[in-house]
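Working notes, structure below.
Residue numbers run from 1 in the order of the sequence given.
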Amino acid sequence: MAKERFVEVYSQGVTNVRKIIMDSETGVNYFLASSNMTSGCGITVLVDAEGKPLVTPLSKNDEAAMGQLLNR
């Protein structure tokens with residue numbers, strides 16, 4: 001099975017949904033928010049205090065860590 005490009009690493013809520021999605025190729029984190037997932041949502045890059053994208057460090061040699069993210 002091919003590795004998924006975008007991985008949900010955090011989820012909160014049922015109606016008012018908040019999720020953090022990570023790009024498994026770049027490590028960049030995105031925030032997705034919706035008050036009703038059937039009528040639309042918003043997504044944006046998460047940034048640090050300096051305005052730089054939040055990036056999860058990725059190591060091609062660290063298969064165990066990526067496996068844990070993919071299995072959440």
Considering residues at least two apart in sequence or located in another chain, which fulfil the side-chain contact (heavy atoms from CB on, under 4.5 Å) criterion with [X]?
X	answer
Arg5	Asp23, Glu25, Thr26
Val47	Val45
Leu54	Asn29, Leu46, Asp48

Can you name the nearest heavy-atom pair linking [X] to [Y], along with the distance?
X	Y	result
Val17	Val14	CG2-O, 3.2 Å
Thr56	Met22	CB-SD, 3.5 Å
Gly27	Leu58	N-CD1, 3.4 Å

Straight-line distance of Tyr10 OH to Lys19 NZ, nearest 0.5 Å
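If we round to the nearest 0.5 Å, Tyr10:OH and Lys19:NZ are 12.0 Å apart.
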To the closest 0.5 Å, what do you measure between SG (Cys41) and CG (Leu32)?
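Here the interatomic distance stands at 4.5 Å.
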With distance as the sole test, does Thr44 use its side chain to make a donor-acceptor pair with the main-chain N or O of Phe31 at under 3.5 Å?
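Side chain of Thr44 to backbone of Phe31, a donor-acceptor pair under 3.5 Å: no, none is there.
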Would a distance-only check, ignoring hydrogens and angles, find a side-chain to backbone donor-acceptor pair under 3.5 Å from Ser34 to Gly40?
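Indeed, once roles are kept as given, a pair shorter than 3.5 Å links the two residues.
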